[in-house]
Undergrad: 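Handing you a structure now.
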Amino acid sequence: MKNQSSVFVTMTTVISLVLGALALSSMTVAAETVLITGSNRGIGLELARVYAERGWNVIATCRTPSQATDLQAIAAKHDNVTIEQLDVTDDEEIAALAKKYEGKPIDVLLNNAAIPGDRDKQKFGSLDYDLYEKVIKVNVHGPLKIAEAFIANVEASDQKKIINISSTQGSLSSTVGNRGNSYFYKSSKSALHMVTRIMSIEMKDRGITVGLVSPGWVDTNFGGMPSMPGMITPQESAQSVVAVIDDYNLDKSGLLLSHKGEVEAW
Ligand SMILES: NC(=O)c1ccc[n+]([C@@H]2O[C@H](COP(=O)([O-])OP(=O)(O)OC[C@H]3O[C@@H](n4cnc5c(N)ncnc54)[C@H](OP(=O)(O)O)[C@@H]3O)[C@@H](O)[C@H]2O)c1
């Protein structure tokens, strides 16, 4: 009798240990995943930090991981952060990374990397068309190619979101879009808007939300812009952008939302 009860206690203990382990492993599996481009500095770095601190699996990509010291510091503090090399203009690198993550759900695919291009080379009469190709390659071709490469990962996830960081500079009817200058940057963001809109329409039936977020006027020295009154910090921007992404859903798919979640002019 004593033997029987001790066998029963042992079995109960084993079962509860197994159930506990299963619960723990399903918790690990259940953590959401975000892939961010250009996460070594600026807004991308702070987006990586925000997601890392809330316990998401962060695939933090950048062109030169060995020099990404700030990102390395985040990864050293959070073992849910994996740094991956990715130049968004390198189709082979994109394909190789997609192969590496084949079968792994990605809840939020976050295309953040972009370049403004030297403004002096964007003046009518002396436009530098080699630079134009480069700006389009980073700001439009990159996000589209990355969306194509990782679409199965996004579709396999719970949240199913592709978010492209853009700018009201690319909007025909916004105040900043209606000032002269920056032919390349502005037209690249306009193109990104249309690319996003088309994807949002085509992906809706698959339950995938595709949206644009404008991160605000952020003190990152983007395009050599010095710190100015009215700018927000990259940390403030990232916190707000993540909240907007949290609220993004299929009904909002295809919109350009500000970092405050307001619908921006197209
Ligand atoms: N700052 C603003 O006020 C503002 C306003 C509106 C929209 N935005 C948008 O916000 C996003 C982030 O801008 P930010 O202000 O954080 O700029 P940033 O500080 O200049 O950061 C740009 C990031 O893009 C990366 N990048 C550039 N070319 C790349 C490539 N070929 N492959 C991979 N990564 C590349 C950079 O990496 P490297 O270090 O390797 O160059 C860097 O990590 C951009 O989409 C930008 O258009 C910014």
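Since the structure is predicted, the reported quantities are computational estimates derived from the model, not experimental observations. Whatever order the structure lists them in is the order used to number ligands and atoms, beginning at 1.
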Undergrad: What residues come within 4.0 Å of ligand 1, counting heavy atoms only?
TA: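 These residues qualify: Gly38, Asn40, Arg41, Gly42, Ile43, Arg63, Leu86, Asp87, Val88, Thr89, Asn112, Ala113, Ala114, Ile115, Val138, Ile165, Ser166, Ser167, Tyr185, Lys189, Pro215, Gly216, Trp217, Val218, Thr220, Phe222.
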Undergrad: OH of Tyr101 to OG1 of Thr82: how many Å apart, nearest 0.5 Å?
TA: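 Answer for the OH-OG1 pair, Tyr101 versus Thr82, is 4.5 Å.
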Undergrad: Hey, can you tell me if Trp56 and Tyr51 have their rings parallel, tilted or perpendicular (30° and 60° cut-offs)?
TA: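 Trp56 vs Tyr51 ring planes: tilted.
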Undergrad: Taking it one step at a time, do His193 and Ser166 satisfy side-chain contact (heavy atoms from CB on, under 4.5 Å)?
TA: CA-CA 8 Å; His193 292 179; Ser166 195; 2.7 Å; yes
Undergrad: For a quick test of reading the model, state the closest non-hydrogen atom pair linking Leu127 to Gln122 and the distance between them.
TA: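 Of all heavy-atom pairs spanning Leu127 and Gln122, the closest is CD2-C, 3.3 Å.
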Undergrad: Assigning hydrophobic clusters by single linkage (Ile, Leu, Val, Met, Phe, Trp, Tyr; side-chain heavy-atom cutoff under 4.5 Å), is Leu109 placed with Leu144?
TA: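 Yes, same cluster.
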Undergrad: Hey, could you give me each pair passing side chain to side chain donor-acceptor pair (under 3.5 Å) that has a residue in residues 251-263? Not counting sequence neighbours.
TA: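 The answer is none; no pair qualifies.
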